[in-house]
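The block underneath contains the structure these notes are about, expressed in structure tokens.
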There are 2 protein chains.
Amino acid sequence: MVRSVFEKSDAIALVAEVFRELGYEGASMSEITARTKLSKGSLYHFFPGGKEQMAAEVMANIDAWFVTEMFRPLEEEEPRAAIARMWETTDSYFRSGHRVCLIGAFALDETRDRFSTAIRGYFHHWIEALCGALLRGGVPGAEAKMLAEEAVIGIQGALTLARALEDETVFGRTLARLKHRLETALG
Amino acid sequence: MVRSVFEKSDAIALVAEVFRELGYEGASMSEITARTKLSKGSLYHFFPGGKEQMAAEVMANIDAWFVTEMFRPLEEEEPRAAIARMWETTDSYFRSGHRVCLIGAFALDETRDRFSTAIRGYFHHWIEALCGALLRGGVPGAEAKMLAEEAVIGIQGALTLARALEDETVFGRTLARLKHRLETALG
DNA sequence: GATCTTCTAAACTGATCGGTCTATTAACGA
DNA sequence: TCGTTAATAGACCGATCAGTTTAGAAGATC
């Protein structure tokens with residue numbers, strides 16, 4: 001089955017990192033080929049739809065990763081344990097704030113309009129999964145919804161501030177604060 | 001003194017809106033001329049340094065606005081009143097979450113490296129001004145620092161989420177939550 | 001090893017990029 | 001009214017853009 005060293009999934013991961021670093025508009029084909037070391041031939045072989053398809057598949061790939069690593073555990077496993085693992089997963093995925101949220105970044109400019117369904121789905125799913133875990137953990141409905149929203153907002157804001165201030169500590173500090181707040185609510 | 005209908009300050013405001021909507025890389029000169037109705041001749045007359053100068057002057061202009069409308073009041077006026085006004089100013093400036101924070105958006109991709117001093121300065125000043133007001137309001141040092149950081153993080157995160165979810169209510173709800181938290185700390 | 005498919009390399013295309021230049025118009029001070 | 005300067009319009013420039021094409025290398029299947 002494996003026909004070469006590079007599979008499409010590898011190409012997706014490499015391209016994702018370029019979009020993360022440069023944004024959708026900033027990621028020109030020449031930057032993508034330079035940073036991934038993949039030729040245009042390879043890229044257009046995997047993604048005949050060009051840049052837009054690349055971004056769409058990158059986002060689908062990120063979404064799928066979060067579903068298996070975070071959303072499904074939140075929905076199916078013991079709430080306290082799943083939420084505890086969510087903080088670890090978040091910290092390691094975003095590399096303690098060094099890595100940006102590609103989907104959050106796409107949401108800010110008119111790039112959003114191209115991918116609004118995927119962007120909305122990702123954040124909606126995250127909040128719903130976390131809210132559900134809080135509810136199963138005994139947190140009342142209105143508070144669970146509020147806390148889940150606050151957590152996702154805090155993560156996104158902390159990513160922005162970490163890069164803006166070039167501060168290595170603010171992301172971890174924010175995760176700790178949010179974690180404590182959710183644990184308090186869970187009793 | 002006034003030599004024409006359009007002054008440079010008008011051009012800055014128009015160009016700012018284009019950067020806000022499209023991001024730095026997404027704001028091509030043709031988009032800027034189309035959306036501002038300013039010809040290349042006018043733009044390069046005001047900004048001989050091109051796109052980079054436009055962005056730099058836009059950021060300086062935003063920073064100056066926040067200094068007079070928010071940071072200086074926080075530093076000089078009665079803390080509780082200044083903080084109360086901060087929430088109003090924030091809500092109206094970001095148009096209840098419909099408008100993005102240009103400086104926060106620039107922080108996310110490699111655009112940050114061009115403007116890192118201005119970006120860092122803006123957020124640092126905001127947090128410091130708010131922290132100072134909380135301190136003068138009687139909040140203990142460590143808590144004031146934490147709350148100020150939390151407020152700015154919450155604002156940035158809420159802007160991201162408001163656009164991502166296309167939700168009209170999340171920004172106002174977040175401001176109310178943060179406002180309540182700071183007022184509780186102020187006693 | 002022959003053959004067939006997948007994948008890669010890079011030359012090439014027309015369109016658009018950021019930026020320059022020249023000609024012209026508008027607003028001012030005298 | 002005249003001369004000077006600020007401001008505008010848009011043709012134009014080389015470079016780079018996203019995307020296409022063609023030819024060949026690398027694997028897989030037999």
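Per chain, numbering begins at 1; letters A, B, ... match sequence-line order.
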Rounded to whole Å, how long is the line connecting atom CG of B:L43 with atom P of D:dA7?
13 Å
Could you check which residues of residues 108-117 of chain A get a heavy atom under 4.0 Å from DNA chain C? Sort them by number, please.
none
Under 3.5 Å between N/O atoms: give me all the protein pairs with nucleotides 16-18 of chain C, atom names plus distance.
unit_1: C:dC17; atom_1: OP1; unit_2: B:S28; atom_2: OG; d: 3.1
unit_1: C:dC17; atom_1: OP2; unit_2: B:S30; atom_2: OG; d: 2.7
unit_1: C:dG18; atom_1: OP1; unit_2: B:K51; atom_2: NZ; d: 3.0
unit_1: C:dG18; atom_1: OP2; unit_2: B:M29; atom_2: N; d: 2.4

Would you mind reading off the distance between B:F47 atom CZ and D:dT8 atom P, rounded to a whole angstrom?
11 Å
For B:L38 and D:dA6, what is the distance between atoms CG and P respectively, to the nearest whole Å?
18 Å
B:I12 CD1 to D:dA7 P, straight-line distance once rounded to whole Å
13 Å
ILVMFWY cluster membership beyond A:V100 - transitive side-chain contacts under 4.5 angstrom:
A:L108, B:V100, B:L108
Between P on D:dA7 and NZ on B:K8, what's the gap in Å once rounded to a whole number?
10 Å
Under the salt bridge (Lys or Arg N to Asp or Glu O under 4.0 Å) rule, what pairs show up with a residue in residues 137-164 of chain A, not counting sequence neighbours?
A:K145-A:E149, A:E149-B:R173, A:E150-A:R181, A:E150-B:R177, A:E150-B:R181
May I have the step-by-step check of side chain to side chain contact (heavy atoms under 4.5 Å, CB included) for B:V58 and B:R20, ending in yes or no?
CA-CA 10 Å; B:V58 160; B:R20 233 189 288 276; over 6 Å; no
Side-chain heavy atoms under 4.5 Å apart, restricted to Ile/Leu/Val/Met/Phe/Trp/Tyr: what other residues fall into the cluster of B:L135, or is it alone?
none
Got a sec, which pairs hit side chain to side chain donor-acceptor pair (under 3.5 Å) with one end in residues 51-71 of chain B, sequence neighbours left out?
B:K8-B:E57, B:E52-B:R114, B:Q53-B:E57
Are any of B:S39's side-chain N or O atoms less than 4.0 Å away from OP1 or OP2 of D:dT8?
no
Grab the NE2-C1' distance between A:H45 and D:dG24 for me, whole Å please.
15 Å
Show me the pairs that pass side chain to side chain donor-acceptor pair (under 3.5 Å) and involve residues 101-110 of chain B, at least two apart or across chains.
A:R35-B:E110, B:D109-B:T111
Whole-Å distance separating the CZ atom of B:F46 from the C1' atom of D:dA9
14 Å
Residues two or more places apart in sequence or in another chain: which of them pass salt bridge (Lys or Arg N to Asp or Glu O under 4.0 Å) with B:E183?
B:K179
Tell me, please, which residues at least two apart from B:R120 pass salt bridge (Lys or Arg N to Asp or Glu O under 4.0 Å).
A:E166
Give the C-alpha distance, both sets of side-chain angles, the deciding distance and a yes or no for salt bridge (charged side-chain N to carboxylate O under 4.0 Å, His left out) between B:E17 and B:R99.
CA-CA 9 Å; B:E17 221 48 41; B:R99 211 191 202 190; 3.1 Å; yes
